[in-house]
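Note that these values count all heavy atoms, side chains included, but never hydrogens, waters or copies made by symmetry. So you know, we letter chains A, B, ... as the sequences are listed, proteins then strands, and number each from 1.
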2 protein chains.
Amino acid sequence: MVNMEDCINSLAMDHPLDTTPKYSVTQAAKLVEISEHTLRYYDDKGLFPFLQKNDAGKRLFSEADLQWAKLLECLSNSGLSIKEMQQYVELCIIGDSTVPQRYAILARQEKIVKEQIREKKRQLKLLQFKLDYYKDWQTRI
Amino acid sequence: MVNMEDCINSLAMDHPLDTTPKYSVTQAAKLVEISEHTLRYYDDKGLFPFLQKNDAGKRLFSEADLQWAKLLECLSNSGLSIKEMQQYVELCIIGDSTVPQRYAILARQEKIVKEQIREKKRQLKLLQFKLDYYKDWQTRI
DNA sequence: TATAAAGCTTCGAGTTGCTCGAAGTCAACA
DNA sequence: TGTTGACTTCGAGCAACTCGAAGCTTTATA
């Protein structure tokens with residue numbers, strides 16, 4: 001799997017077999033910058049429906065799984081609960097007929113992230129206001 | 001630190017800050033858009049060192065307390081733990097000598113919030129990429 | 001070939017920061 | 001006087017991790 005588009009093709013729209021190199025949970029954690037514990041936790045919750053395991057039960061992450069992990073992180077950070085992510089996974093598994101529903105979910109999260117950015121900028125302003133005040137205070141003494 | 005006004009002034013930053021008790025927890029919650037539960041929780045954790053109570057034990061929030069609540073929210077959202085906010089409060093109570101330490105804390109949080117904004121923008125891009133892909137997919141069928 | 005180390009596994013318990021609800025207090029008003 | 005409503009405290013519950021123990025394979029070393 002080379003790019004994001006392919007990834008979305010395989011994981012979000014369909015679920016074909018991914019034949020790319022596989023990573024252990026430790027390697028995957030480093031690559032996507034999500035802790036091993038969280039990756040396993042997500043897997044236990046069924047959020048990696050296409051994740052493979054070898055004969056010894058060892059998890060094997062494909063490139064597609066890594067991209068998927070990034071999407072999960074994104075959805076989680078924008079406020080989706082585990083349960084809601086599970087529902088998103090369900091929709092993905094059902095297939096193309098659920099594209100409108102999935103689109104609606106992503107569109108809602110897009111709005112939320114936009115509002116989060118506005119909120120973060122307000123927070124930044126507050127901090128900078130205080131920092132300016134302190135700076136001012138320090139030059140006065 | 002001699003009085004509440006000095007403290008809040010040097011910390012919550014609005015000048016001049018009104019420290020007259022005015023609002024019930026319900027009113028305060030509406031004004032700052034933080035739940036009553038959270039305001040009480042923060043108070044229980046000692047994060048409102050100058051919050052007054054009337055004879056019946058009812059909390060009375062001043063304008064200064066509202067500003068302070070906003071700062072607490074900001075610090076919390078930028079990743080400060082309750083314990084760290086407690087330490088910040090300690091520094092505030094000690095007084096002017098701790099201004100450099102408090103400045104350092106706020107400066108660190110400013111950096112963090114800036115990085116959070118960058119991260120949010122990356123998330124937004126990922127969502128928009130997926131939305132575009134879905135849009136494309138829908139026009140193709 | 002024994003054994004030790006590394007790297008994974010599962011599972012259950014602990015942590016943080018809320019979030020909720022029950023039970024009680026108190027002031028105001030019909 | 002009784003009821004309503006807004007508050008109080010306190011303890012339990014919850015989501016999403018986060019950690020650590022115990023065990024299983026595979027690989028490296030003696």
Side-chain angles (χ1 to χ4, degrees), chain A residues 21-48 51-62 65-66 68-89 109 112-113 116 119 123, chain B residues 21-48 51-62 65-66 68-89 109 112-113 116 119 123:
Chain A
K22 310 282 184 174
Y23 305 105
S24 73
V25 71
T26 312
Q27 292 171 315
K30 276 175 194 152
L31 287 167
V32 297
E33 294 178 287
I34 299 172
S35 80
E36 298 179 35
H37 279 296
T38 301
L39 289 178
R40 282 198 209 98
Y41 175 72
Y42 281 0
D43 185 33
D44 292 346
K45 295 285 173 179
L47 297 182
F48 285 105
L51 188 64
Q52 308 216 347
K53 291 193 178 186
N54 70 6
D55 295 344
K58 204 174 136 175
R59 290 175 182 82
L60 296 172
F61 289 77
S62 68
D65 291 321
L66 298 188
W68 183 251
K70 279 290 193 188
L71 179 67
L72 290 178
E73 184 190 34
C74 176
L75 293 175
S76 172
N77 283 338
S78 68
L80 232 62
S81 68
I82 300 286
K83 194 170 280 179
E84 288 168 318
M85 291 197 288
Q86 285 169 341
Q87 287 162 1
Y88 189 83
V89 167
Q109 294 318 111
I112 289 173
V113 172
Q116 286 174 338
E119 177 60 25
Q123 289 172 12
Chain B
K22 281 182 189 166
Y23 306 109
S24 72
V25 71
T26 312
Q27 292 170 316
K30 277 174 193 152
L31 287 167
V32 296
E33 293 177 288
I34 299 172
S35 80
E36 299 179 35
H37 279 295
T38 301
L39 289 178
R40 283 199 208 96
Y41 175 73
Y42 281 0
D43 185 32
D44 291 347
K45 295 284 173 180
L47 298 181
F48 285 105
L51 187 65
Q52 308 216 348
K53 290 193 178 187
N54 69 7
D55 295 345
K58 205 174 135 174
R59 288 176 183 82
L60 294 171
F61 290 77
S62 68
D65 292 319
L66 298 189
W68 182 251
K70 279 291 192 186
L71 179 66
L72 290 178
E73 185 190 33
C74 178
L75 293 175
S76 172
N77 283 338
S78 68
L80 232 62
S81 69
I82 299 287
K83 194 170 280 180
E84 288 168 318
M85 292 197 288
Q86 285 168 342
Q87 286 162 1
Y88 190 83
V89 167
Q109 294 317 112
I112 290 173
V113 171
Q116 285 174 339
E119 177 60 26
Q123 289 173 11

**Prompt:** Short question: side chain of Glu36(A), backbone of Val25(A) - any donor-acceptor pair under 3.5 Å?
**Reply:** no
**Request:** Would you please classify the geometry between the Phe48(A) ring and the Phe61(A) ring as parallel, tilted or perpendicular, with 30° and 60° separating the classes?
**Result:** perpendicular
**Message:** Main chain of Leu47(A), side chain of Trp68(A): is a donor-acceptor contact present, judged purely on distance under 3.5 Å?
**Reply:** yes
**Prompt:** Whole-Å distance between dT8(D) C1' and Lys53(B) NZ?
**Reply:** 8 Å
**Asked** To the nearest Å, how far apart are Asp55(B) CG and dT25(C) C1'?
**Response** 14 Å
**Fill in**
Scoring nucleotides 16-22 of chain D by protein non-hydrogen atoms under 4.0 Å (B base, S sugar-phosphate only, - none) yields BBSBB--
**Asked** What is the distance, rounded to the nearest whole Å, between atom CG of Leu60(A) and atom C1' of dT25(D)?
**Response** 14 Å
**Complete:** From NZ of Lys22(A) across to P of dG7(C) the rounded distance in Å is 22 Å
**Complete:** When rounded to whole Å, the CG to P distance for the pair Asn54(B) and dA6(D) reads 16 Å
**Message:** Just the rounded figure in Å: distance from P of dA6(D) to CD of Glu36(B).
**Reply:** 10 Å
**Prompt:** What is the distance from CD of Glu84(A) to P of dC14(D), rounded to the nearest Å?
**Reply:** 17 Å
**Message:** Quick check: closest heavy atoms across Glu73(B) and Glu33(B), and the distance to 0.1 Å?
**Reply:** OE2-O, 4.1 Å
**Request:** Would you kindly give the CG-to-P distance between Leu75(B) and dC18(C), to the nearest whole Å?
**Result:** 12 Å
**Val25(B) side-chain proximity, nearest of dT10(C), dT8(D), dC26(C)** = dT8(D)
**Prompt:** Can you tell me if Lys70(B) uses its side chain to pair, donor with acceptor, with the backbone of Val32(B) under 3.5 Å?
**Reply:** yes
**Message:** Check whether Asp43(B) reaches the backbone of Arg40(B) with its side chain - one donor and one acceptor, N or O, closer than 3.5 Å.
**Reply:** no
